[in-house]
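Read through the structure below, which is laid out as structure tokens, and then see the notes.
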Amino acid sequence: MNDQLLRLVQAMPKAELHIHIEGSLEPELIFALAQRNGVKLAYGSVEELRRAYAFTDLQSFLDIYYAGASVLLHEQDFYDMTAAYLQRAQQDNVRHAEIFFDPQTHTARGVPFEAVISGIHRACQDSPVSATLIMCFLRHLPEEDAMATLEMALPFRDKFIGVGLDSSELGHPPEKFARVYERCRSLGLHLVAHAGEEGPPEYIRNALDVLKVERIDHGVRCLEDAELTARLARERIALTVCPLSNVKLRVFDEIGGHNLLALLDAGLTVTINSDDPAYFGGYLNENYDAVFRALPLTRFHAQQLARDSFNASFLDSGAKARLLAEVDAFFAEHA
Ligand code: HPA
Ligand code: ZN
């Protein structure tokens, strides 16, 4: 692999569209917040916690991810977590981030919705990186809980741009959330959903047909269905792919076996993302680095991935045009 290409990939301007902010909580910050808030953890040290990050599938990760989030109590905690992520993203030349947050993980513990969204939103406002918020519903909980969360969120409608669907995928198909997505659509919110990470291609199809999502989070299992793959390409539905996450959660055995290049060769709009960087071994540039080392990707792929990270974003057309021009100028300058 040529170092020049790896450096180019690190330095190019890019967007991140699939990052769970609770998944950016580093063990050191978990312990600092636990101490600040008097929360007792089931792990004795940072090292012991890190050793528990040996996941076998999505659920084994989620159990630890929700335990880590239990230290978040006050608005300032949410602010500190988000500020730390955005600072790290800036180092990776992230120009724009669309950040997921999971309010139900916090409101179920008695944390006010306002503390969650205000802390995260204030950190976004204070950052030089452009950042917007996507509120996720936990799919292992009933649709009524999602609907109640949406109602709780409405007084803060100006602080988030869309909704998503995350947590345990298998057994919780998109159609379980048909009514709450219909309501979100009528409110003019952007719609995305995790589908086809562990779930079958049918979940991707139903996310499109029933929930009417504009992007698919993960979606890597689409290649099992040629007709669906052709449709995703034709309709330019972007997939927010998370390479290191897919290896840690055993969607693929190793990074060299990831289907990213096959997705690109099928004509799909693909973006690279970190998912839960504190848990999966790397932030955005580490995800790019891993796939550029392991797969025969070229500078043309790099430019396409950078462009599509902005194309697939929910930025307005003016901001998109400016950032696409920035990408093209960067590649022209580094010919
Ligand atoms: N999949 C589903 N739910 C999640 C994830 C994920 O990768 N990360 C945080 N919540
Ligand atoms: Zn995710």
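Just follow the structure's listing: the first ligand is 1, and inside any ligand the first atom is 1. Predicted model only: the values in this text are computed from it and were never measured.
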Problem - Per-atom contacts of ligand 1 with His194, taking only distances under 4.0 Å to non-hydrogen atoms - result: 1 (N), 2 (C), 6 (C)
Exercise for the section: Would you kindly specify which portion of Tyr65 sits under 4.0 Å from ligand 1, judged on non-hydrogen atoms: side chain, backbone, both or neither? Expected result: side chain
Exercise for the section: Look at Arg215 together with Glu98 and state whether they make a salt bridge at an N to O cut-off of under 4.0 Å. Expected result: yes
Completion exercise
For His218, the atoms of ligand 1 under 4.0 Å from one of its heavy atoms are 7 (O)
Exercise for the section: Can you list, by chain and residue number, the protein N, O or S atoms under 2.8 Å from the Zn ion (ligand 2)? Expected result: His18 NE2, His20 NE2, His194 NE2, Asp275 OD1
Problem - Distance-only donor-acceptor check, side chains Asp77 and Asn37, under 3.5 Å - result: yes
Handout entry: Under 3.5 Å: N/O of Asp276 near N/O of ligand 1
Key = yes
Handout entry: Exercise: do Asp80 and Tyr85 side chains pair donor with acceptor under 3.5 Å
Key = no
Exercise for the section: For atom 1 (N) of ligand 1, grab the closest protein heavy atom and report residue, atom and distance to one decimal in Å. Expected result: Glu197 OE1, 2.9 Å
Exercise for the section: Mark yes or no for whether Asn246, through its side chain, and Val251, through its backbone, hold a donor-acceptor pair below 3.5 Å. Expected result: no
Handout entry: Protein contact of atom 5 (C) of ligand 1 - nearest heavy atom, named by residue and atom, plus distance
Key = His20 NE2, 3.5 Å
Handout entry: Pair His96-Glu16, side-chain donor/acceptor within less than 3.5 Å
Key = no
Exercise for the section: Flag the pair Asp289 and Arg293 as a salt bridge only when some basic side-chain nitrogen lies within less than 4.0 angstrom of an acidic carboxylate oxygen. Expected result: yes
Practice task
Ignoring hydrogens, just give me the one of Gly164, Ser167, Ser168 whose non-hydrogen atom is nearest atom 4 (C) of ligand 1.
Solution key: Ser167
Handout entry: Under 3.5 Å: donor-acceptor pair, side chain of His334, backbone of Phe330
Key = yes
Problem - Between His194 and His172, a side-chain donor and acceptor under 3.5 Å - result: no
Problem - Heavy-atom nearest option to atom 7 (O) of ligand 1, drawn from Asn246, Asp275, Leu138 - result: Asp275
Exercise for the section: May I ask you to check whether Gln304 and Arg299 show a side-chain donor-acceptor distance below 3.5 Å? Expected result: no
Handout entry: Check: Gly44 main-chain N/O paired with Glu48 side-chain donor or acceptor under 3.5 Å
Key = yes
Exercise for the section: Examine ligand 1 and decide if any of its atoms is less than 4.0 Å from a heavy atom belonging to Leu62. Expected result: yes
Completion exercise
Within 4.0 Å of some non-hydrogen atom of Phe61, the atoms of ligand 1 are 8 (N), 9 (C)
Handout entry: Salt-bridge criterion met for Glu143 and Arg183 (N-O under 4.0 Å)
Key = no
